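What follows is one structure encoded as structure tokens, with my remarks underneath.
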Amino acid sequence: MEYLLTEQQKTIKQLARRIAEERILPVRAELDEKEEFPWAIMKDLADSDMFRVAIPEEYGGLGGGCLELCLVVEELSRVCSGIAVSYAASALGSFSLLKYGTEEQKRRYLPDIASGKRLAAFALTEATAGSDASAIRTTAERVEGGYILNGTKQFITNGGEAEIYTVIALTAKEKGARGASAFLVEKDAPGFSFGKKEKKMGIRASSTRELVFRNCFVPEENMVGREGVGFIMTMKLLDNSRPGVGAQAVGLAQGALEAAVDYARERIQFGHPIISIQAVQHMLANMATEVEAARLLVYAAARTIDSGAKNFTEEAAMAKVFASDTAMRVTTDAVQIFGGVGYMRDYPVEKMMRDAKITQIYEGSNQVLRDAIAFELRKRKAKRE
Ligand code: CAA
């Protein structure tokens, strides 16, 4: 398939693939088993300038956009999406700065994120606010010189490992979502601590943790954007990041497809490699077709974003929904092709199937995102009329 990538994009993709194969492949099973954060890999990614990919040159980046980020996430996920998500979550954590930060905030934080010296994270979800993001309860009370944060964030990727957090909190709780604002909170801020570390089904090398704010003072210069626009900002940031989840899903599905083809060529049953059985061939053909379709949709959504389009809610949601559903189907079929051994931890496909599930859930469940797609369709129909 011709993806119309530039030479620079091809180079980024190849480099990410090399890191994945040389550095991630040998340790992915162990890190998954031990549920250990991949610090050594984060350092390799930093040393190879991978954190610079989607940050503007003036802040130490390489000036790429959503597509470049997706290419890296895809290649890392082809080998281990638990490790890839730690990388991707740092990018999501930097989006508030990139899109809404002041010049001073960008200069203060982006160079360290670009060099990989400090990881970033994004904190929206709470126990009462998953799909219903506007039900957050964390408050940010105005005091002299800043704000006092109180509340608990749940399921935060890179929680405890990142040093720079974008935290969404209510500056006017009586206004609900319209009273939300965004803050940059540093790991060592007084009153900021970490709670429960989740034990997960998949992406187990990543950290997913509670963030606890108890009278945590945040200086006023750490507010991102204006007071009260935090919810809309969040929605737009998630529109920017969802193709990245799609890319994670595409990488995962590609890895599972390759493993299934290799296994089907080697596995002898009834005197022949099982790839000569038409039932298996058709499964593989469907898997390959779906992976290509998902990849093209993810790249197209990323390109739409990079083109400077104003509204890309629908494209981003479609890419995330289609690619994650594809990853779930393809990884499940890969386990099926492996048969009994596919269910065992000796082979990588059971991990891929566990890892795929979360892509249908986080950064907007596929149900909520179908609502968003349908909402855009209804708007379009109204406009036609
Ligand atoms: N772009 C711009 N504006 C948007 C928008 C978008 N994509 N989506 C909504 N808005 C605006 C609406 O126009 C509306 O504006 P007005 O107040 O001016 O009318 C406002 O936001 C409120 O919109 P809704 O009434 O539609 O809001 P809602 O409360 O019904 O929720 C929702 C809408 C789409 C369900 C939203 O809550 C949502 O996206 N939920 C999913 C949350 C999510 O993705 N969580 C992921 C957490 S991050 C994560 O998982 C990262 C990780 O760690 C890996």
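Hydrogens, waters and symmetry mates are skipped; everything else that's a heavy atom, side chains included, is used. Numbering of ligands and ligand atoms starts at 1, following listing order. One-based numbering along the sequence shown. Model, not experiment: these values are computed from the prediction.
- Residue Ser134 has at least one heavy-atom neighbour below 4.0 Å for each of these atoms of ligand 1: 29 (O).
- Nearest protein heavy-atom neighbour of atom 51 (C) of ligand 1: Glu363 CG, 3.4 Å.
- Of all heavy-atom pairs between Ser90 and Ala120, the closest is OG-N, 2.9 Å.
- Panel note: side chain Ser365, backbone Ile361; no donor-acceptor pair is recorded below 3.5 Å.
- Between Phe213 and Phe192, the ring planes are parallel. Angles under 30° get that label, and only those over 60° would be called perpendicular.
- Distance check for atom 1 (N) of ligand 1: a protein heavy atom is found below 4.0 Å.
- At a 3.5 angstrom cut-off on N or O pairs, Gly364 counts as close to ligand 1.
- The protein atom (non-hydrogen) at minimum distance from atom 54 (C) of ligand 1 is Thr157 OG1, 3.3 Å.
- Formation of a donor-acceptor pair under 3.5 Å by the Lys320 side chain with backbone atoms of Tyr362 is found in this model.
- Within ligand 1, counting atoms from 1 as listed, the ones closer than 4.0 Å to a heavy atom of Leu92 are 51 (C).
- Looking at atom 48 (S) of ligand 1, its nearest protein heavy atom turns out to be Leu238 CD2, 4.0 Å.
- No more than 12 heavy atoms of other residues, nucleotides or ligands shown are found within 6.0 angstrom of NZ on Lys117.
- If you look at Val85 next to ligand 1, there are no close heavy atoms at all, none under 4.0 Å.
- The nearest heavy-atom contact from the protein to atom 47 (C) of ligand 1 is Thr125 OG1, 3.4 Å.
- At a 3.5 angstrom cut-off on N or O pairs, Arg242 counts as close to ligand 1.
- Within a 4.0 Å radius of atom 30 (O) of ligand 1, the protein contributes no heavy atom.
- Ligand 1 places these atoms under 4.0 Å from at least one heavy atom of Thr313: 6 (C), 7 (N).
- Residue-to-ligand polar distances keep Asp132 apart from ligand 1: every N/O pair is separated by 3.5 Å or more.
- Counting only non-hydrogen atoms, the option in Ile232, Ile168, Val368 that gets closest to atom 11 (C) of ligand 1 is Ile232.
- Under the 4.0 angstrom criterion, atom 33 (C) of ligand 1 counts as lacking any protein heavy-atom contact.
- In this structure, the side chains of Ser81 and Leu76 stay at 4.5 Å or more apart for every pair of heavy atoms.
- Taking 4.0 Å as the cut-off between side-chain N and carboxylate O, Asp355 and Arg204 do not count as a salt-bridged pair.
- When distances from atom 16 (P) of ligand 1 to the protein are checked, a heavy atom turns up under 4.0 Å.
- Within a 6.0 Å radius of CZ in Arg214, other residues, nucleotides and ligands contribute more than 12 heavy atoms.
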Original post:
What do the steps show when you test Tyr87 against Phe51 for ring-ring contact (aromatic ring centres under 6.0 Å, His included), and what is the final call?
Top reply: CA-CA 8 Å; Tyr87 168 84; Phe51 286 100; 5.1 Å; yes
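- In terms of heavy atoms, Asn366 sits closest to Thr359 at OD1-O, 4.1 Å.
- With ligand atoms numbered from 1 in the order given, ligand 1 contributes 1 (N), 2 (C) to contacts under 4.0 Å with heavy atoms of Lys236.
- Protein heavy atom closest to atom 22 (C) of ligand 1, with residue, atom name and distance, is Phe231 CE2, 3.5 Å.
- At a 3.5 angstrom cut-off on N or O pairs, Arg178 counts as close to ligand 1.
- Ring-plane geometry between Tyr3 and Tyr299 is classed as perpendicular, the angle between the planes exceeding 60 degrees on a 0 to 90 degree scale with a lower cut at 30.
- The shortest non-hydrogen separation linking Ile113 to Ile164 is CG1-CD1, 3.9 Å.
- Across Lys320, Gln367, Met235, heavy-atom proximity to atom 5 (C) of ligand 1 is greatest for Met235.
- Nearest non-hydrogen protein atom to atom 42 (C) of ligand 1 is Gly130 O, 3.7 Å.
- Under 4.0 angstrom from ligand 1, the non-hydrogen atoms of Ser131 all belong to its backbone.
- With Arg303 contributing its side chain and Leu67 its backbone, the two residues share no donor-acceptor pair below 3.5 Å.
- Within the 3.5 Å criterion, the main-chain N or O of Lys236 finds a donor-acceptor partner in the side chain of Asn240.
- Shown here, atom 19 (O) of ligand 1 is in close reach of the protein: a heavy atom of it lies under 4.0 Å off.
- Formation of a donor-acceptor pair under 3.5 Å by the Arg28 side chain with backbone atoms of Val79 is found in this model.
- Counting the atoms of ligand 1 from 1 in the order shown, those under 4.0 Å from a heavy atom of Ala133 are 37 (O), 42 (C).
- Within ligand 1, counting atoms from 1 as listed, the ones closer than 4.0 Å to a heavy atom of Asp239 are 1 (N), 6 (C), 7 (N).
- Distance check for atom 13 (O) of ligand 1: every protein heavy atom is found at 4.0 Å or beyond.
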